[in-house]
Amino acid sequence: MSACVPTRTDSKRTQRIHRPHSPPSTPPRRFRIAGADVSAAIAVFLIALPLSLGIALATGAPLQAGLVAAAVGGIVAGRIGGSPLQVSGPAAGLTVVTADLIQRYGWRTTCAITVLAGLAQLGLGCLRVARTALAVSPAIVHGMLAGIGVTIAVAQLHIVLGGTPQSSVLANLRALPAQLAGLDPAAVAVSAMTLTLLLLWPRIPGRAGRLLRRVPAALIAVSGATAAAALAGLVLPKVDLPSWRSHALAGLPEGPALGLVAAVLTTTLVCSVQSLLGAVAVDKLIATRPRGSARVGRSDLDRELLGQGAANIVSGTLGGLPVAGVAVRSSANVQSGAVSRNSTMLHGVLVVVAALLMVPILELIPLASLAALVMAVGIQMVSLHHIRTVTRHREALVYAVTTLGVVFLGVLEGVTLGVAVAVAVALHRLTRTRITHDEKEGVHHVHVRGQLTFLAVPRLSRALHHVPQGSHVVVELDGSFMDHAAYEALQDWQKTHTAQGGTVELTGRRVATGTAPGAADPASDTSTDAHADTASAPHTVHPTRHLGSARAECQCRPWTPWRNHRCEVPRLAPTASASGQHPGRHPDRQPGQHPDRHGDAPRPTEAGQSTDPSVLTPLGGTSVPPAPLGGRQLVHGITAFQRNTAPLVRGELARLAREGQRPTQLFLTCADSRLVTSMITSSGPGDLFVVRNVGNLVPPPGEESGDDSVAAAIEYAVDVLHVRSITVCGHSGCGAMQALLQSDPGQTQTPLRRWLRLGVPSLERMADDRRPWPRLAGRAAADAVEQLCLTNVVQQLEHLRAHESVARALRSGELELHGLYFHVGEAQAYLLQGQDEGVVFDHVGAVDLTA
């Protein structure tokens, strides 16, 4: 008998019998609307009502058309669309397009064009191409909106002054002097009051301001101006809502077929792009709401396109304006705490009620007040934030061309020009490669900045031809792409130069130092065999792939190829720590470095030089504590690790978790954040046992003010982990060494100063005339700070030898000690060569590590 069949039945109990495969009956669900949705719907309605009338006025359409579009956008797009909290309706971005259509084809044909645009949107939604629309450059979108904003503002300025706008921007500009000469004082006064209330209402301070700001500024501005005009008895043109019985509906399109097709494409493009970008922006706004808020699903862009298409079909059929997602109303909906699409739909219902029952009140609104409101919206569409953003990304030309094209030619023409310029700029960046050649201290540097394609091969070959035979060459590849032609040219030259007795070092953003041919790069999906036949080489090669160097001892690439991530860190008050860090400076930018005008890698200045006095006196004076940065940057970093790096290293970390750690080196260095040990040594998980402290100090055994944690780490690394080498690494611009040079014996002893007393032997060693000062690659130290940094490395190695476990391992030949100096500004490591007379830190690249 099956275990699912009961073995006993209770005949005394009555059993409810259902028909086969029929679920049990459930009570009918009651339709409920959350209170947050009701309050959000009211707030959005109060914003949408005056704006819809103003946009209809700006387009020259019947004023009811704005109300129809607002109602349909709320109900239809809100119900069908894929973005639950986006509010759709007549948008300012469509004003210029709609006004041009009305002037060319008339109102009823414009409604037909709106219906056809809706059908086109339905087709695009069924084809699921919504994501493709997001491929449009943001500079083009922002430029289009800015051009539309300028056109709106210039046109509505004539109504603000009491006149009538012309058909184009140029005509409006030419007619502006005459309009200023004959302005209407009453219209100017009402417009000025509207703009004043619109500007000052959100800035009311205090608790009262927080309460009053719940009422939308647009409603207050229009209501206040209307009340003032009525009390003063001003005679002005007002809103005229004719009877709904005479409302014009869509008719058959009339006009040239090619012009109608262009009009449908323009309306479809503007409506779709604005709605899809608005849906993405709404998702970002929802993500910034505090935790504990109701969870709202992410937008389905294809469904949103279907919803916008259906709304445009209904709006055009009923004689309404084109519909698109509106940023102002959507932001108000999210900020008011809406939790579902019910708020959007309820706002549409409220618009219908107002259009039917509030006609006498709406007809009191002066047209000058609505024009001032729409003019303010147009001015806000020219966003300074967007201008700064596109300038920072070097797309100001695309933005400017699109804006001017929309203003003087039209929306479709301006967008087409913007796309053409964006493509030209992209091709220019792809083909523009700067190749320079210079010589420093006998080393030839060939710097390639930009993408290395076949177009740059002649210039690259010319620069490499000027390199003398048998010389040491450093080829710096500062780009993210190299094609097959450039790869072959660089590889062939490298083989020839190496055969003639020269040496070649390839550097770049991702350097494969010591990589064996054919080794896999865990940071990429493919690997390249440097000795493979060129005919089988890939056509797309990363510029820093290893190109035929000798087989090295290390058989792996760095685990996490370091890149200069441009994090946005708030600028803080100047202060410094004993490790020489500047909290207000960019995390990847060293002291004294400044980005060039093109935003490329920072240029180093001389070590130890700084214009900030707090950097030179980290322990003196008073410092301003930095503002808290919060955990956002940490969370972003962890998220990036889990998404990008963890899948690549998970297998190796699982092996290390099973087998335990087996490092071969103890690496003792400073706590300075600019020293990234894994980057300097091209190491990965399990390679280094790292000890960091302020000043890379090693307390001698038995030191009273020493730190047992350092001694414990040394003992554990030598006796338990059996490391084969210990490296003491100092660095340029060390704040601890600066503090030692400027220390005052009479200062109050803090934990930091007590710790820095361990560096006094380094000071005494440097002051001893009987001992030669360490040199750096054949040259003297740049200044006293650098000299003390070099001397400190030598002194700490002597402290290491005094530890019993280290001395025992050295006597048995099981351990080696190394001194390392890292120059931050030069990104160059120097290895200590001998500790007898004439101590020298030499270039690591020039050292024979196999000896």
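Residue numbers count from 1 along this sequence. Remember, predicted model here, so these are calculated numbers, not experimental data.
We find the CG-OG1 distance between L417 and T403 to be 11.5 Å, quoted to the nearest 0.5 Å. If you take CG on L57 and CG on L373, they are separated by 10.5 Å, rounding to the nearest 0.5 Å. Note that CZ of R79 is 12.5 Å distant from CD1 of I75, once rounded to the nearest 0.5 Å. The structure places CG of L219 at 11.0 Å from CG of L198, a figure rounded to the nearest 0.5 Å. We find the NE2-CD1 distance between H347 and I47 to be 9.5 Å, quoted to the nearest 0.5 Å. Atoms OH and OG1, from Y399 and T391 in turn, are 9.0 Å apart once rounded to the nearest 0.5 Å.
Q86 is not listed as a side-chain neighbour of R329, based on a closest heavy-atom distance of 4.5 Å or more. Side-chain contact between L49 and L67 is present, with at least one heavy-atom pair separated by less than 4.5 Å. Put simply, the side chain of T109 does not reach to within 4.5 Å of the side chain of L101, judged on heavy atoms. Counting heavy atoms from C-beta outward, D302 and L306 have side chains that stay 4.5 Å or more apart. P90 places none of its side-chain heavy atoms less than 4.5 Å from the side chain of V323. Residues L85 and R341 form no side-chain contact, since every pair of their non-hydrogen atoms from C-beta on lies 4.5 Å or further apart. For the pair L384 and I387, the minimum side-chain heavy-atom distance is below 4.5 Å. Residues L94 and L321 are not in side-chain contact: their nearest non-hydrogen atoms beyond the backbone lie 4.5 Å or more apart.
Across P84 and G82, no two heavy atoms sit closer than the pair CD-O, 3.5 Å. Closest non-hydrogen pair, V68 versus S315, comes out as CG1-O, 4.3 Å. Here the closest non-hydrogen pair linking P322 and T114 is CG-OG1, 3.6 Å. The two atoms that bring Y105 and A263 nearest to each other are CE1-CB, 4.4 Å, heavy atoms only. The nearest pair of heavy atoms linking T402 to G143 is CG2-C, 3.8 Å. Smallest separation of non-hydrogen atoms from I379 and A153: CG1-CB, 4.0 Å.
Every pair passing side-chain hydrogen bond (donor to acceptor under 3.5 Å, both in side chains) that includes a residue from residues 177-203 is listed here, sequence neighbours excluded: T194-S369.
A side-chain donor-acceptor contact under 3.5 Å links D37 to the backbone of S340. With H386 contributing its side chain and V382 its backbone, the two residues share no donor-acceptor pair below 3.5 Å. The backbone N or O of I220 sits nowhere less than 3.5 Å from a side-chain atom of S223 that would complete a donor-acceptor pair. Between the side chain of S330 and the main chain of V87, a donor-acceptor pair closer than 3.5 Å is present.
Residue R303 places its CZ atom among more than 12 non-hydrogen atoms of other residues, nucleotides or ligands, all under 6.0 Å distant. Residue M381 places its CE atom among more than 12 non-hydrogen atoms of other residues, nucleotides or ligands, all under 6.0 Å distant. Residue-environment remark: CZ (R104) stays at or below the threshold of 12 foreign heavy atoms within 6.0 Å. By the neighbour-count criterion of 12 heavy atoms within 6.0 Å, atom CG of L356 is densely surrounded, having more than that number from other residues, nucleotides or ligands. In the displayed structure, E254 atom CD is contacted under 6.0 Å by at most 12 heavy atoms of other residues, nucleotides or ligands.
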Check step by step if side-chain contact (heavy atoms from CB on, under 4.5 Å) holds for D300 and E304. CA-CA 6 Å; D300 183 342; E304 179 65 18; over 6 Å; no

Intermediate values then yes/no, side-chain contact (heavy atoms from CB on, under 4.5 Å), V406 and V96: CA-CA 9 Å; V406 171; V96 176; 5.6 Å; no

T344 and N333: side-chain contact (heavy atoms from CB on, under 4.5 Å), yes or no, with the steps? CA-CA 8 Å; T344 302; N333 194 35; 3.6 Å; yes

Run M375 and V160 through side-chain contact (heavy atoms from CB on, under 4.5 Å) and show every step you take. CA-CA 9 Å; M375 185 180 71; V160 167; 4.3 Å; yes

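Side-chain contact of T98 with T59: a donor-acceptor pair under 3.5 Å is absent, judged by distance alone. Side-chain atoms of S272 and Q121 include a donor-acceptor pair closer than 3.5 Å. In this model, a donor atom of one side chain and an acceptor atom of the other lie less than 3.5 Å apart for Q308 and S88. In summary, the side chains of S299 and D283 do present a donor paired with an acceptor at a separation below 3.5 Å, with no hydrogens or angles considered.
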